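Note that the structure is predicted; figures quoted are calculated from it, not measured. Sequential numbering from 1 along the given sequence is applied to the chain's residues. Remember, it's 1-based here, ligands and their atoms both numbered in the order they're listed.
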Amino acid sequence: MKEILFVGAGSVGGYFGAHLARHNPNVSFLLRPHTREAVAKSGLTIRSAIGESFTVHPTVASDPEQLPQPDLIVLGIKAYNLDEVMNQIEPVLKPDTIILTLQNGVTIEDTLMVRFGRERIVGGVAFIYSKIAEPGVIDHFKKGMLTIGEPLGMETPRLQAILALLKGAGIPCFLNPDIRRAKWEKMCWNCVFNPLTVLLNDRVAKALDYPEFQPVIAGIVREVSAVAMAVHRVPLEENMPEKVVRWAQELRDIHTSMYDDWLAGRPTEIDELNGFITKQGKAFGVSTPMNDMLTAFIKAMTISKSSPEATIQVDGAIMQPLHFTRTTLAQLPAMHQMCELPTVMPGMSVRGVKFQAILDVVTLNVGADHVTFESQDGKFSACLTMKQAAEYGILVYEHDGVPFPSERGGPFRLVTPGLGDLCANVKQVGKIIFSKGSISDSRPPQACPEKV
Ligand SMILES: Nc1nc2c(c(=O)[nH]1)N[C@H]1C(S)=C(S)[C@@H](COP(=O)(O)O)O[C@H]1N2
Ligand SMILES: [Mo]
């Protein structure tokens, strides 16, 4: 096992990779351009609060073809990058290249086995608390141990070889004959403390010190255990909740990687942790209400800002600005929903909602009497009286179950059948602005070639 390739130099892979590289000239790193530049220039630095601090200068590249063909690949990347990485490493695999995974998530090994074959994969669980300080610089705070194991539990020569390699680099490393179970046990911990630290905006200790959290922690762990057993045939111990709390006591004063990701505005691993439990529970009939709720909260807190779903902003002379999406428009009262608009959209089975439904939601300022519909690009606007808008306005938001196409003025188009002014049919509505008196209106003042 000569050539070793680490994929990623994050808080986990970077730490163990640097230790290995320090003792072994045949360690190279596959890195994203940003990190690659940093490591190529200044090396990979470990600043440890409890051990030695040092810098190594390993071979790095963003294209694996530029690195020695690996005998062992160590994946230390976040679970959500797995697809991309699998595509990258596939062309450089030798027939007997082994892949060791250190990521969170309990299906990584399975995914890799499906793609590259069962015999290539060795599982690992990392116990470490470290953070990326900046690209190429890892701050290490606590622990720094690995357990590794064959998926089927045997003690193979190659497992011994990896163990010797890691130990030779001074990394505490142990064999675990039940690496799948080890992954699930870590999963239990992660599913509790990753979301809780984010929701509490605090350290692990916060959740430990309020006795009200004990049944919450136990509930989350029991759901994870139920999925582990029902779906994966991995039996976890009855006292798993107590075990999780005990481990947490040692880590009282840390935040978690989800907390760090959330704070830094990075994507979190929610889909691989609680979101995974929720999804599997649903698919296999295991009820997971606590994980469902945690997933929803974390998603709303971390993803919604960059949500790709189109929105209409509602603003102006109202108490609170708000926004609507296709989903929320469709959930407005049924009495305001329109399924057929034959005169306006001939031949299209569109869905729209009367503007009255939005009026019913907003709290208008006293005296507000006009409303302006503005296109996303801000170039076109129609200012109607509140009465006109309430009487004629319909927001079209769907066609055949998908967003209303932009060629026809979607994702949101105002139509006003009966108003007698086709120019008031604002395409690509991005904003609805309430006002006292009229404001911007870019409708053509006179006749505009109207077609009916
Ligand atoms: N965003 C946007 N919406 C718009 C316009 C526009 O230029 N931009 N023109 C308006 C005018 S003047 C007319 S007549 C109708 C034309 O709609 P159609 O392209 O579907 O025939 O759209 C109205 N909505
Ligand atoms: Mo028009």
Side-chain angles (χ1 to χ4, degrees), residues 305-318 320-332 336-362 364 368-452:
K305 273 175 279 173
S306 58
S307 160
E309 202 181 357
T311 57
I312 297 184
Q313 303 298 324
V314 183
D315 212 337
I318 52 176
Q320 279 296 325
L322 67 163
H323 69 266
F324 290 90
T325 62
R326 179 162 74 100
T327 314
T328 47
L329 289 176
Q331 286 167 351
L332 290 171
H336 294 311
Q337 299 289 339
M338 312 282 295
C339 288
E340 298 282 328
L341 298 164
T343 52
V344 218
M345 300 277 156
M348 287 189 92
S349 70
V350 299
R351 279 172 64 100
V353 62
K354 289 183 188 154
F355 177 70
Q356 183 64 51
I358 288 180
L359 263 181
D360 290 349
V361 174
V362 298
L364 293 175
D369 56 4
H370 279 70
V371 57
T372 301
F373 297 84
E374 199 180 272
S375 64
Q376 282 163 6
D377 59 12
K379 285 186 187 149
F380 189 86
S381 59
C383 181
L384 308 185
T385 65
M386 202 74 81
K387 197 161 172 289
Q388 287 177 322
E391 199 166 335
Y392 301 106
I394 296 170
L395 280 165
V396 177
Y397 60 82
E398 197 171 291
H399 171 238
D400 281 345
V402 298
F404 191 60
S406 62
E407 314 87 78
R408 303 300 305 266
F412 306 109
R413 177 170 184 158
L414 178 73
V415 295
T416 55
L419 181 64
D421 178 4
L422 284 178
C423 311
N425 287 214
V426 183
K427 295 180 266 188
Q428 280 99 30
V429 175
K431 253 190 194 164
I432 297 176
I433 306 149
F434 290 92
S435 59
K436 296 179 194 175
S438 65
I439 54 169
S440 72
D441 194 323
S442 69
R443 278 178 292 172
Q446 266 117 38
C448 162
E450 309 284 52
K451 45 187 165 39
V452 180

- Query: Taking the side chain from Arg326 and the backbone from Phe404, do they hold a donor-acceptor pair closer than 3.5 Å?
  - Reply: no
- Query: Going by the order shown, which atoms of ligand 1 are within less than 4.0 Å of some heavy atom of Val426?
  - Reply: 3 (N), 24 (N)
- Query: Mind checking whether Pro444 has a heavy atom under 4.0 Å from ligand 1?
  - Reply: yes
- Please identify which atoms of ligand 1 are closer than 4.0 Å to at least one heavy atom of Leu422. 13 (C), 15 (C)
- Item | Near-ring test Phe324/Phe412, centroid separation under 6.0 angstrom | no
- At their closest point, which heavy atom of Ala424 faces which heavy atom of Thr416, and how far apart are they? CB-OG1, 3.9 Å
- Query: Under a 4.0 Å heavy-atom limit, does Ser375 contact ligand 1 with its side chain, its backbone, both, or neither?
  - Reply: side chain
- Task: Find the distance between CD (Glu374) and NZ (Lys379) and round it off to the nearest 0.5 Å.
- Result: 12.0 Å
- Task: Could you verify whether a donor N or O on one side chain and an acceptor N or O on the other, from Glu309 and Thr311, lie under 3.5 Å apart?
- Result: no
- Arg413 to ligand 1: N or O pair under 3.5 Å? yes
- Counting heavy atoms only, which of Lys427, Arg408, Glu374, Glu407 comes nearest to atom 19 (O) of ligand 1? Lys427
- Message: Please list, in number order, the atoms of ligand 1 under 4.0 Å from a heavy atom of Asn425.
- Response: 4 (C), 22 (O), 23 (C), 24 (N)
- Quick note on ligand 1: atoms under 4.0 Å from a heavy atom of Cys423 include exactly 10 (C), 11 (C), 12 (S), 13 (C), 23 (C)
- Task: Establish, from distance only, whether the side-chain atoms of Asp369 and Thr385 form a donor-acceptor pair under 3.5 Å.
- Result: no
